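All chains are named by letter (A, B, ...) in the order of the sequence lines, taking the proteins before the strands, and each is independently numbered beginning at 1. Note that the structure is a prediction, hence the values are computed from the model and not measured. As a basis for the values below, the full set of heavy atoms in this structure was taken, side chains included, without hydrogen atoms, waters or symmetry mates.
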Amino acid sequence: MLDIKLIRESPDLVRDNLRRRADDSKMQLLEELIQKDQQWRKSLERTNALKAERNTLSKQIAETKKSGDDASELMARSAQIPKDIATFDSETQALKTRVDEILMSLPNLLHESVPVGADDTANQVVRIWGKPREIDFELKSHGSIAESLGLADFDRAARISGAGFYYLKGDLALLDMALVNYAVNFLVERKYTLIEPPFMMRRSAYEGVTDLGDFEQVMYKIDGEDLYLIATAEHPMAAMFMDEIIDVDTLPLKFVGFSPCFRREIGAHGVDTKGIYRVHQFNKVEQFIFCNSDDSWTLFEELQGNTEAMFQALGLPYRVVNVCTSDIGTLAAKKYDIEVWFPRQGKFGEVTSCSNDTDYQARRLNIRCGKHGSDNKSVPHTLNNTAIATSRAMVAILENYQNADGTVTVPEVLRPYMGGKAVLSRP
RNA sequence: GCCGAGGUAGCCAAGCCCGGUAUGGCGCCGGUCUCGAAAACCGGUGGUGUUCCACCUCGGGAGUUCAAAUCUCCUCCUCGGCGCCA
């Protein structure tokens with residue numbers, strides 16, 4: 001959520017920023033917001049004047065009665081006011097409701113370095129790390145590797161849960177847990193506090209952490225309950241301090257969360273996406289930070305550095321892209337994606353996403369920072385980055401580390417988490 | 001799921017029966033004092049607006065009333081007990 005004061009004081013700054021997204025409907029909403037906000041303030045003023053009159057009369061009545069005099073004339077005058085107040089009040093509230101509604105639907109201000117573009121081809125490559133292995137045999141897709149080794153069962157999963165689900169078996173299930181443990185240990189060593197969050201959230205909390213469109217497109221709702229399955233551990237970590245004031249001396253708060261992630265939308269199917277590339281459920285280790293506004297750009301690079309260090313240790317070639325205006329979404333001011341090399345598809349694919357949401361997400365959640373009782377409270381910045389989403393990471397490992405004989409080598413850093421195992425083998 | 005008790009400012013409480021517009025303590029911020037700190041004392045410490053002023057705020061909503069934290073109804077949430085349970 002944007003600061004309404006910023007919109008009042010510097011509407012052109014907001015307009016110019018929004019123009020970069022080339023979204024006419026949002027621009028119209030902004031203009032409506034500016035207009036309705038002015039009307040709301042006028043309406044509020046009139047309503048308040050009436051309430052002031054009522055309060056004054058009320059006080060006089062109380063005093064008159066206390067001194068034993070007759071207050072019936074004052075009471076008769078006062079009796080007219082509530083009707084007028086009710087009329088003005090409902091008008092004021094209607095305007096305010098609309099103002100808030102628009103405010104919730106406007107996107108964050110973009111950082112100046114975000115590239116402008118109409119689709120993801122405009123994403124800007126920031127750097128490339130590593131070189132794809134030279135492979136002189138016919139590459140298999142991750143799904144057929146896993147199936148032929150007996151390490152995954154997609155058909156039975158589809159029968160009992162539908163497409164987009166999976167059974168992982170034996171060493172592949174172990175690899176999943178190894179990736180989680182590796183990422184958690186890596187970040188705990190760097191002083192991030194491990195969080196195991198709730199896997200479901202109420203709507204009121206969820207509206208603060210994400211785009212309203214996600215409710216229709218992405219999230220699973222529990223039937224008959226006000227509960228949604230989380231799409232990422234980012235969400236419960238962000239909402240953790242909803243409606244609170246964080247003691248400024250404790251910032252920055254650095255967390256590493258672990259959770260399964262549930263998502264309805266899985267997109268296109270195909271021979272290379274059969275398996276665990278696009279799924280309704282996957283495990284993910286996620287980084288999250290609350291910090292002072294001055295520190296967020298430094299910490300943004302720290303989060304990105306953490307994840308790159310892990311993918312380097314895993315020996316997976318990747319590139320980093322600066323995500324463009326059409327692809328960045330509503331919350332982030334800037335976003336880096338890591339795209340790992342998928343040899344079978346012969347292209348880079350997204351495996352992590354690092355966002356600086358500046359004060360936008362915290363304001364939606366009504367989180368402030370400062371000292372209790374002091375005047376200078378402000379809105380903290382929030383940042384999030386994937387550490388490792390195990391599903392995509394496993395696809396990358398299966399494809400990049402596959403051998404001519406159909407086996408898969410285990411990346412060295414993961415072996416301590418797999419009982420020293422160097423090769424994935426049939427159960 | 002059933003029964004009970006609760007929800008008041010950053011935290012803890014009072015006020016509710018009997019309606020008259022938010023009371024105290026802790027914490028925190030500022031000041032006095034001090035070489036500095038502690039203590040003590042003084043002031044401040046929810047939100048909004050056109051900020052010397054006014055309005056709103058006692059979980060949320062509706063109602064009664066000139067006037068609601070207080071009375072009535074609805075609703076949400078939390079805690080405790082029972083039930084179920086890894």
Side-chain angles (χ1 to χ4, degrees), chain A residues 1-11 33-104 196 198-208 222-228 236 239-251 253 260 290 292 359 362-380:
Chain A
M1 193 163 82
L2 296 176
D3 187 353
I4 186 74
K5 284 179 183 160
L6 178 75
I7 296 173
R8 281 175 197 152
E9 286 160 18
S10 317
L33 172 65
I34 290 168
Q35 195 196 0
K36 290 269 159 65
D37 178 56
Q38 276 171 2
Q39 291 174 7
W40 169 67
R41 284 184 288 168
K42 271 191 196 136
S43 182
L44 183 68
E45 205 187 332
R46 276 189 310 225
T47 312
N48 282 350
L50 273 175
K51 287 183 176 176
E53 196 184 335
R54 179 199 58 193
N55 290 346
T56 312
L57 279 169
S58 246
K59 239 174 242 170
Q60 286 173 5
I61 290 166
E63 279 162 22
T64 308
K65 282 191 163 182
K66 213 180 270 176
S67 64
D69 296 338
D70 179 25
S72 55
E73 194 190 324
L74 283 168
M75 282 166 68
R77 262 210 287 159
S78 198
Q80 298 305 316
I81 296 177
K83 280 178 218 133
D84 294 337
I85 289 179
T87 311
F88 283 116
D89 234 0
S90 62
E91 182 191 307
T92 308
Q93 273 175 30
L95 285 163
K96 178 66 170 156
T97 302
R98 183 59 183 154
V99 164
D100 290 343
E101 201 176 273
I102 298 175
L103 212 46
M104 282 295 271
E196 186 175 311
F199 299 161
M200 300 179 208
M201 288 169 61
R202 292 189 179 132
R203 175 135 191 159
S204 61
Y206 228 125
E207 283 181 348
I222 303 296
D223 189 35
E225 307 268 348
D226 177 24
L227 285 172
Y228 293 81
M240 191 152 64
F241 298 105
M242 180 171 75
D243 296 324
E244 290 193 44
I245 298 169
I246 301 174
D247 187 333
V248 73
D249 294 340
T250 66
L251 296 178
L253 296 172
F290 293 93
N292 278 308
D359 59 357
R363 187 173 289 108
R364 281 175 86 103
L365 285 161
N366 188 30
I367 298 171
R368 289 166 296 161
C369 60
K371 279 282 174 196
H372 299 307
S374 88
D375 281 340
N376 46 7
K377 293 186 194 79
S378 58
V379 179

### Query
Touch check for Ser58(A), heavy atoms < 4.0 angstrom, all strands: base, sugar-phosphate only, or nothing?
base
#### Entry: Side chain of Arg41(A) - closest among rG10(B), rC55(B), rG49(B)
rG49(B)
### Query
Taking atom P of rG49(B) as reference, at what distance in whole Å does atom CD of Gln39(A) sit?
16 Å
### Message
Quick check: do Leu57(A) and Gln60(A) have side-chain heavy atoms less than 4.5 Å from each other?
### Response
yes
### Query
Using a cut-off of less than 4.0 Å, is there contact between a side-chain N or O of Arg54(A) and OP1 or OP2 of rU21(B)?
no
### Atom P, compared across rC66(B) and rG59(B): separation rounded to whole Å
25 Å
## Note on the structure
Correct closest heavy-atom pair for Phe199(A) and Pro260(A) would be CZ-CD, 3.4 Å
### Task
Could you pick out which residue, Met75(A) or Gln93(A), lies toward the 5' side of RNA chain B when each is mapped onto its nearest nucleotide?
Gln93(A)
### Shortest non-hydrogen contact between Ala362(A) and Val379(A), atoms and distance
CB-CG1, 3.7 Å
### Distance, rounded to the nearest Å, where Lys5(A) contributes NZ and rU50(B) contributes P
9 Å
### Query
Looking only at heavy atoms, which two atoms of Thr47(A) and Thr92(A) are closest? And how far apart?
OG1-OG1, 2.9 Å
### Task
Between rG24(B) and rG15(B), how far apart are the C1' atoms? Round to whole Å, please.
11 Å
### Task
List the atom of Leu50(A), the atom of Ile81(A), and the distance in Å for their closest heavy-atom pair.
O-CG2, 4.0 Å
### Task
Please measure how far the C1' atom in rU34(B) lies from the corresponding atom in rU50(B), and state the result in whole Å.
45 Å
### Message
As a test of reading the structure: which of rU48(B), rG46(B), rG20(B) is closest to the side chain of Arg368(A), going by heavy atoms?
### Response
rG46(B)
### Query
Which of these passes salt bridge (Lys or Arg N to Asp or Glu O under 4.0 Å) with Glu91(A): Lys96(A), Lys42(A), Arg46(A), Lys36(A)?
Arg46(A)
### Ion pair check, Glu207(A) and Arg203(A), cut-off under 4.0 Å
yes
### Query
At under 4.0 Å between heavy atoms, what does Arg77(A) touch on the DNA or RNA strands: base, sugar-phosphate, or nothing?
nothing
### Query
In Watson-Crick or G-U wobble terms, both distances under 3.5 Å, what is the partner of rG24(B)?
rC12(B)
### Task
Considering only atom P, compute the distance from rC58(B) to rA22(B) and round it to an integer number of Å.
12 Å
### Task
Write down the distance separating the P atoms in rC29(B) and rG46(B), rounded off to the nearest Å.
15 Å
### Message
Quick check for you: among rU50(B), rA67(B), rG49(B), whose closest atom lies nearest to any side-chain atom of Trp40(A)?
### Response
rG49(B)
#### Entry: Nearest-angstrom distance, P atom, rG47(B) to rC41(B)
28 Å
### Query
Using purine N1 to pyrimidine N3 plus N6-O4 or O6-N4 for Watson-Crick, or N1-O2 and O6-N3 for G-U wobble, both under 3.5 Å, which nucleotide pairs with rA62(B)?
rU72(B)
### Message
Distance check needed: rA54(B) P versus Glu53(A) CD, whole Å only.
### Response
15 Å
### Whole-Å gap separating C1' (rC76(B)) and CZ (Arg202(A))
9 Å
### Query
Are any of the side-chain heavy atoms of Leu33(A) and Ile4(A) separated by less than 4.5 Å?
yes
### Task
With RNA chain B as reference, determine whether Ala49(A) or Ile61(A) sits nearer its 5' end, using the nearest nucleotide of each.
Ala49(A)
### Task
Send over the distance from Leu44(A) CG to rG47(B) P, rounded to a whole Å.
17 Å
### Summary
Taken to the nearest whole Å, CG/Asp243(A) to C1'/rC77(B) is 13 Å
### Query
Whom does rG19(B) pair with, Watson-Crick or G-U wobble, provided both distances fall under 3.5 Å?
none
### Paired nucleotide for rU48(B) [Watson-Crick or G-U wobble; both distances under 3.5 Å]
rA54(B)
### Query
Where along residues 79-90 of chain A does a heavy atom fall under 4.0 Å from RNA chain B?
Ala79(A), Pro82(A)
### Shortest side-chain distance from Asn55(A), nucleotide among rU50(B), rA54(B), rC56(B)
rC56(B)
### Task
Between rC66(B), rU48(B), rC55(B), spot the one nearest the side chain of Lys51(A), thanks.
rC55(B)
### Distance, P atom - from rA5(B) to rC74(B), rounded to whole angstrom
16 Å
#### Entry: rU45(B) and rC26(B), which share atom name C1', separated by this distance in whole Å
13 Å
### Query
Roughly how many Å is it from NZ in Lys59(A) to C1' in rA54(B), rounded to a whole number?
11 Å
### Query
Which part of the nucleic acid does Asp247(A) contact within heavy-atom distance under 4.0 Å: base, sugar-phosphate only, or nothing?
nothing
#### Entry: Base orientation of rU51(B), syn vs anti, 90° cut from 0
syn
### Query
Expressed in angstrom and rounded to an integer, what is the separation of Leu103(A) atom CG from rU48(B) atom P?
13 Å
### Query
Looking at side-chain heavy atoms only, is the closest gap between Leu365(A) and Phe241(A) below 4.5 Å?
no
### Query
With both distances under 3.5 angstrom, what nucleotide forms a Watson-Crick or G-U wobble pair with rC85(B)?
none
#### Entry: Nucleotide paired to rC77(B) in any strand shown, Watson-Crick or G-U, under 3.5 Å
rG6(B)
### Message
Quick one, Met75(A) and Lys65(A) - any side-chain contact, counting heavy atoms below 4.5 Å?
### Response
yes
#### Entry: Identity of whatever pairs with rA40(B) - Watson-Crick or G-U, under 3.5 angstrom
rU32(B)
